[in-house]
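Hydrogens, waters and symmetry mates are skipped; everything else that's a heavy atom, side chains included, is used. Everything numeric in this text was worked out from a predicted model, so none of it was measured. For this chain, numbers begin at 1 and follow the sequence in order.
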Amino acid sequence: MSLSVTTWYLEQTSPADASPAQEPPPEQGVRIARSEVPSPEFSRFLYTAVGGDITWTDRLTWPYTQWAEFLGQPGVETWVAYERGTPAGFIELTGAADGSVEISYFGLLPAFRGRRIGGYLLAYGIERAWDLADRWPGRAPTKRVWVHTCSLDGPHARANYQRRGFRLYETTVDEKPETAAPGPWPGAGPLTTSNPVGE
């Protein structure tokens with residue numbers, strides 16, 4: 001069976017396009033840090049934990065060497081949001097030689113959605129996309145930040161990007177084979193209020 005999938009392409013062409021997001025309250029213990037050492041194990045964990053219920057499958061077949069090669073490229077960065085020391089989500093940036101930076105992946109683990117982390121992480125990641133050349137000597141300054149999202153992603157993905165200042169520039173519709181979401185496992189989602197992280 002096939003499925004009709006709509007893909008939206010969005011962009012910013014100036015740092016002034018970016019809209020800030022409110023930082024979570026200090027007592028929530030949210031911090032964002034760059035994963036500076038390329039780690040296929042950690043990046044694959046983030047990819048499967050965030051994308052398991054929204055049909056991220058493109059990289060599931062990547063061997064270790066392909067993950068290592070991709071993560072080791074100059075201009076590729078992974079920024080991780082933590083809540084009280086626990087990985088809550090990530091944003092992956094892929095800088096190109098022409099000064100464009102793609103937000104190649106962004107999202108939260110199911111247990112951390114709806115906790116005011118997503119907008120803050122996205123806004124922070126957009127800032128890092130615009131100043132990416134500062135961390136990679138010899139690279140062209142960022143001229144454009146772009147992202148694509150589709151109807152298979154979370155229901156609020158496109159609106160979240162637009163709230164942060166992205167403008168739609170292209171829409172495509174394709175037929176794709178229907179694929180079951182790979183996991184992470186049945187029942188993954190927000191933690192109960194008896195758990196400290198879910199308070």
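- Criterion: ILVMFWY side-chain heavy atoms under 4.5 Å apart, direct or through other members. Under it, Val147 and Val5 are not part of a common hydrophobic cluster.
- In this structure, CZ on Arg31 lies 13.5 Å from CZ on Arg84, to the nearest 0.5 angstrom.
- Of the N and O atoms on the side chains of Ser151 and Thr6, not one donor lies less than 3.5 Å from an acceptor on the other residue.
- Of all heavy-atom pairs spanning Ala21 and Gly119, the tightest one is CB-O, 3.3 Å.
- Under the 4.5 Å side-chain criterion, counting only non-hydrogen atoms from C-beta, Thr86 is in contact with Phe112.
- Smallest separation of non-hydrogen atoms from Thr7 and Cys150: OG1-CB, 3.7 Å.
- Taking the side chain as every heavy atom from C-beta outward, His148 and Glu102 approach each other to under 4.5 Å.
- When all heavy atoms of Trp136 and Gln73 are compared, the closest pair comes out as CH2-O, 4.2 Å.
- Checking side-chain atoms of Gln28 against main-chain N and O of Arg115 turns up a donor-acceptor pair under 3.5 Å.
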Handout entry: Check against side chain to side chain contact (heavy atoms under 4.5 Å, CB included), Leu132 and Trp130
Key = CA-CA 6 Å; Leu132 185 131; Trp130 280 111; over 6 Å; no

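- Using a 4.0 Å cut-off between charged side-chain N and carboxylate O, Arg113 and Asp53 make a salt bridge.
- When hydrophobic clusters are built by joining Ile, Leu, Val, Met, Phe, Trp and Tyr residues whose side-chain heavy atoms come closer than 4.5 Å, directly or via intermediates, Ile54 is grouped together with Leu46.
- Tyr105 and Tyr82 end up in the same hydrophobic cluster when Ile, Leu, Val, Met, Phe, Trp and Tyr side chains are linked at under 4.5 Å.
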Problem - Check against side chain to side chain contact (heavy atoms under 4.5 Å, CB included), Ile117 and Glu83 - result: CA-CA 9 Å; Ile117 299 172; Glu83 183 171 343; 3.3 Å; yes

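- Counting all heavy atoms, side chain and backbone alike, Ala123 lies closest to Ser19 at CB-O, 4.0 Å.
- Between the side chain of Ser100 and the backbone N or O of Ala96 there is no donor-acceptor pair closer than 3.5 Å.
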Problem - side chain to side chain contact (heavy atoms under 4.5 Å, CB included) between Leu10 and Trp146, intermediate numbers included - result: CA-CA 6 Å; Leu10 304 102; Trp146 70 282; over 6 Å; no

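- Between Trp62 atom CH2 and Arg59 atom CZ the span is 4.0 Å, to the nearest 0.5 Å.
- Atom CD1 of Ile103 sits about 4.0 Å away from atom CD1 of Ile91, to the nearest 0.5 Å.
- Within the 4.5 Å cutoff, the side chain of Thr55 has no heavy atoms near those of the Asp153 side chain.
- Taking each heavy atom of Ala133 and Ala140 in turn, the nearest pair found is CB-O, 3.5 Å.
- Counted within 6.0 Å of CD on Glu69, heavy atoms from surrounding residues, nucleotides or ligands total 12 or fewer; the atom is thus considered open.
- Between the CD atom of Gln162 and the NE2 atom of His156 there is a distance of 14.0 Å, given to the nearest 0.5 Å.
- Using a 4.5 Å heavy-atom cutoff, the side chains of Tyr161 and Phe106 are in contact.
- Hydrophobic clustering, with ILVMFWY side chains joined whenever heavy atoms are under 4.5 angstrom apart, groups Val50 together with Tyr124.
- What you find for Ala49 and Pro110 is that their closest heavy atoms are O-CD, 3.3 Å.
- Rounded to the nearest 0.5 angstrom, Thr78 OG1 and Arg34 CZ are separated by 9.0 Å.
- Annotation: side chain of Trp79 is not in contact with side chain of Ser35 (no heavy-atom distance under 4.5 Å).
- In the hydrophobic clustering of ILVMFWY residues, with side-chain heavy atoms under 4.5 Å counting as a link, Leu60 and Phe45 come out together.
- Checked for salt-bridge contact, Glu77 and Arg128 miss the test: no charged N lies under 4.0 Å from a carboxylate O.
- With rounding to the nearest 0.5 angstrom, the CZ atom of Phe70 is 4.5 Å from the OG atom of Ser104.
- A salt bridge does not link Glu11 with Arg164: none of the charged nitrogens is closer than 4.0 Å to a carboxylate oxygen.
- One N or O on the side chain of Arg139 and one on the backbone of Gly95 form a donor-acceptor pair closer than 3.5 Å.
- Looking at Ile32 and Val80, their side chains never come closer than 4.5 Å, going by heavy atoms from C-beta outward.
- In the model, Trp67 has no side-chain atom that pairs as donor or acceptor with a side-chain atom of Glu41 under 3.5 Å.
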Sequence neighbours excluded and cut-off under 3.5 Å, please list the side-chain donor-acceptor pairs for residues 166-174, or say none.
| from | atom 1 | to | atom 2 | distance (Å) |
| --- | --- | --- | --- | --- |
| Arg167 | NH1 | Asp17 | OD1 | 3.4 |
| Arg167 | NH1 | Asp17 | OD2 | 3.0 |
| Arg167 | NH2 | Thr13 | OG1 | 3.0 |
| Tyr169 | OH | Arg144 | NH2 | 2.9 |

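- In this structure, the side chains of Leu122 and Asn160 come closer than 4.5 Å at one or more pairs of heavy atoms.
- Using a 4.5 Å heavy-atom threshold, the side chains of Tyr47 and Asp58 count as touching.
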